[in-house]
J.: 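Got a structure here, written out as structure tokens. Questions coming.
Proteins come first, then strands; the chains are lettered A, B, ... in the order of their sequence lines, and each starts at number 1.
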2 protein chains.
Amino acid sequence: MSQPTMEDVARLAGVSRALVSLVMRDSPKVSNHSRTAVLDAADQLGYRPNLAARILASRKTSTIGLVLDDLHNPFFPDIADGVNEAAEQSDYRLLMNSAFLTPASEQRAVETFLEFRTDGVIIVGSRLAAGAIETAAESVPIVVVGRPLRSDRVDSVNNNETRGARLVVDHLVELGHGRIAHIDGGRGAGAAQRRAGFVAAMKRHGLRPDVVSGDFTEAGGVAAMRELLARRRRPTAVFAANDLTAVGALGCTEDAGLSVPDDISLVGYDNVALAATHHISMTTVDQPRNEMGRLAVATLLERLEGSRSSVARHVLAPSLRIRSTTAPPGPAARRKRAGTRNNPGR
Amino acid sequence: MSQPTMEDVARLAGVSRALVSLVMRDSPKVSNHSRTAVLDAADQLGYRPNLAARILASRKTSTIGLVLDDLHNPFFPDIADGVNEAAEQSDYRLLMNSAFLTPASEQRAVETFLEFRTDGVIIVGSRLAAGAIETAAESVPIVVVGRPLRSDRVDSVNNNETRGARLVVDHLVELGHGRIAHIDGGRGAGAAQRRAGFVAAMKRHGLRPDVVSGDFTEAGGVAAMRELLARRRRPTAVFAANDLTAVGALGCTEDAGLSVPDDISLVGYDNVALAATHHISMTTVDQPRNEMGRLAVATLLERLEGSRSSVARHVLAPSLRIRSTTAPPGPAARRKRAGTRNNPGR
DNA sequence: GTGAAAGCGCTAACAG
DNA sequence: CTGTTAGCGCTTTCAC
């Protein structure tokens, strides 16, 4: 498995090593003749440039590192798609890592990229302390996505959490709900802001904000919902911190023999594909994930090209998607709706 | 952003560069005194070893590259979890890449790892031609997961596709189904084997195998199901090549005003978390994904440590999970079941 | 234990 | 266009 080097290629092609280097970086100042000679030789040998050597000599990696909090949450792959598209267009190599939902694992992932000296790092849904991010940002440009950060040195791309939460509460209140609970995202990225947005919106309506803890996972949604259903006075509507949590809550509710939205209305956040399926048809808040991914790359590139040195804090507008998990509360509504809905069965 | 080097650390600590190197690799032959001196200096400078230089000099990366076909299919994150756990335990760094469902993108991902000279590469759900994989395997040990490969040089970890497909067909036939269609996985990994298994099992029962094409995605499931529903004689049961496809088919069926399993039975493959939710409750075939991930790493390590030079072809046993999307065919069954099921609504 | 010296495979000026 | 010459930052003998 010992690999051929430039030297080998040069010898076989009968040229100098420097020429091979030029060809590998497709420099324009190489004659067609020598180019094909070199390429042929490389091909014959199965030569592949050694990235480590290349990076070491050129002091740049042309690589951006992407850290995703949780691969099981479709939100992250959606962002990754956007990042990938943009990176590809700008000739940057992409390397990914999952944070597997823990700060320790996330720190390790970031550390790996720092050691690699990737040109930039994009962290999606970071659970790291702001200080840790800022420290890392001292050695490499970092863009944080989906985690509001009030740093004046680290760029970020977010949706307006406050606005999103308010859209949800307003919708629910408009339907006539008063007892609304929020299953939050715990220590997850953006959870604090979403929670604060919920609390503020509730107060605006003169309602008592009711928050139970979750963790942005389906299992967390199940547990939190179980808690809510066990109460003497159940909420009539529940706003889950993300779609995954909402799906968990949905299953739990139905397991308990209750129906959504007839007995309880349910709202998620993110608008992942799952929420849009006929079967789930979840009312939720949309974040423009693909765009956020692309924007993260663009923001990073501005830093890399030095075209901007001030902080960029992009805040995109979320939008409410009303589907079938929200309805007016109370038995009256249930009766009224009974005739008009087609029931999937199962 | 210019980073400190070993030289800087050595100077600050008042020792030689070699000593710093030893400390960074926690060699036992360093006095406690100099060790702390070096560590302090490194800390103070924010020093981080340069991986490229390290790799270049040591000729090993202690890194394994993981290529996943499609992040949107929970099957892949599930495998990644297993890989991550095992890699962590063996002190290997993990770097991931998505193939974004296309061979070209997958090839690029693999190429990146080859250039990095990662110690090994695990490809999950490969869409590459067997030849391409074998070629790559000449420069680095590769383990292919979820893609049966009859190479005698590349290790692989799979579930028994033939067996899995047969479990499905047998179950359906036992329920009384005769017109069973298979929405296949197109050119996706393992699709051919799953399809062949379906065809063989159908023939064993003296039934006519009916195959329409899909692509392992939800959208593909919708399209294929639409085609099936448009026929004069609809199948009474559908076996989708994976859960994602099945979920698409499910939504499409219900959009058409039909009910699962009363009008059509549906079976998936993979047993991803989504299939197990109360709401979907899909009959499917389980693959031990976490175990497959761990096994892939173990298989790779055997190669890296030279404890095995022959090919390893692990084939794990799939198992059927009967849930709520399968039932006997026909209106009689429907009537009989009507009274006994609780209907989730929505 | 510690230091000196020789590369790892490549890029990047710089002459020719 | 082509060849020469220095390193990039680290590991790795090998003496001391």
J.: For the side chain of A/Thr5, starting at C-beta, report the closest nucleotide among C/dC8, C/dC10, D/dT11.
T.: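 Looking only at heavy atoms from C-beta outward on A/Thr5, the closest nucleotide is C/dC10.
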
J.: Give a yes or no on whether the backbone of B/Phe100 and the side-chain of B/Glu106 come within a donor-acceptor separation of less than 3.5 Å.
T.: no

J.: Rounded to whole angstrom units, what separation is found between the CD atom of A/Glu115 and the P atom of D/dC10?
T.: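 Rounded to the whole Å, the gap is 11 Å.
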
J.: Given side chains that start at C-beta, do those of A/Ile64 and A/Arg93 come closer than 4.5 Å, heavy atoms only?
T.: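 No - every pair of side-chain heavy atoms lies 4.5 Å or more apart.
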
J.: Closest-nucleotide mapping onto DNA chain C: is B/Ser58 or A/Arg54 further toward the 5' terminus? I mean the 5' end.
T.: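 Mapping each residue to its closest nucleotide by heavy atoms, the 5'-most match is B/Ser58.
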
J.: Roughly how many Å is it from CD1 in B/Ile55 to P in D/dC10, rounded to a whole number?
T.: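 It works out to 12 Å between those atoms.
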
J.: Indicate yes or no for a side-chain donor-acceptor contact from A/Arg25 to the backbone of A/Ser21 under 3.5 Å, with no hydrogens or angles considered.
T.: yes

J.: Return the residues of residues 35-51 of chain B meeting this criterion: a heavy atom under 4.0 Å from some atom of DNA chain D. Order them by number, or give none.
T.: B/Tyr47, B/Pro49, B/Asn50

J.: How long is the line joining CZ of A/Arg117 and C1' of D/dC8, in whole Å?
T.: 12 Å

J.: Nearest nucleotide by nearest heavy atom, which residue falls closer to the 5' end of DNA chain C, B/Pro28 or B/Ala57?
T.: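 Its nucleotide being nearer the 5' end, the pick is B/Pro28.
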
J.: Check the phosphate of C/dT2 against B/Ser16, side-chain N and O only, distance under 4.0 Å to OP1 or OP2. Yes or no?
T.: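 The answer is no; no side-chain N or O of B/Ser16 sits under 4.0 Å from OP1 or OP2.
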
J.: How long is the line joining CG of B/Leu19 and P of D/dA15, in whole Å?
T.: 20 Å

J.: Charged N to carboxylate O under 4.0 angstrom, B/Asp155 versus B/Arg313?
T.: no

J.: Applying a 4.0 Å non-hydrogen cut-off, can you work out what B/Ser21 is touching in the nucleic acid: base, sugar-phosphate, or nothing?
T.: base

J.: Rounding to a whole Å, what distance do you find between A/Glu7:CD and C/dG7:P?
T.: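 Distance, rounded to whole Å: 13 Å.
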
J.: I need the CE-P distance between A/Met6 and D/dG3, as an integer number of Å.
T.: 14 Å

J.: Where the side chain of B/Ser105 meets the backbone of B/Ala99, is there a donor-acceptor pair that is under 3.5 Å apart?
T.: yes

J.: For the pair made of CE in A/Met24 and P in C/dA12, what is the distance, rounded to whole Å?
T.: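 It works out to 14 Å between those atoms.
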
J.: Using a cut-off of strictly less than 4.0 Å, decide whether B/Ser34 has a side-chain nitrogen or oxygen near OP1 or OP2 of C/dG1.
T.: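 B/Ser34 to C/dG1 OP1/OP2: no side-chain N or O under 4.0 Å.
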
J.: Does OP1 or OP2 of D/dT5 have a side-chain N or O of A/Arg17 closer than 4.0 Å?
T.: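 No.
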
J.: What distance do B/Leu101 atom CG and B/Leu71 atom CG have between them, rounded to the nearest 0.5 Å?
T.: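 CG of B/Leu71 is found 9.5 Å from CG of B/Leu101.
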
J.: OP1, OP2 of C/dC8 versus side-chain N and O of B/Arg59: anything below 4.0 Å?
T.: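 No, because none of the side-chain N or O atoms of B/Arg59 sits under 4.0 Å from OP1 or OP2 of C/dC8.
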
J.: Tell me, which pairs form a side chain to side chain donor-acceptor pair (under 3.5 Å) where one or both residues lie in residues 112-123 of chain B, sequence neighbours left out?
T.: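 Qualifying pairs, neighbours excluded: B/Thr61-B/Asp119.
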
J.: By nearest nucleotide on DNA chain D, pick out whichever of B/Leu22 and A/Leu56 is the more 5' one.
T.: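 Residue closer to the 5' terminus by nearest nucleotide: A/Leu56.
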
J.: Could you tell me how far apart A/Arg25 (CZ) and C/dA13 (C1') are, to the nearest whole angstrom?
T.: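 For the pair A/Arg25 CZ and C/dA13 C1', the rounded distance is 11 Å.
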
J.: Would you mind reporting whether B/Glu138 and B/Glu134 have side-chain heavy atoms less than 4.5 Å apart?
T.: no

J.: Please confirm whether the shortest side-chain N or O distance from B/Ser31 to OP1 or OP2 of C/dT2 is below 4.0 Å.
T.: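 Yes, such a contact exists.
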
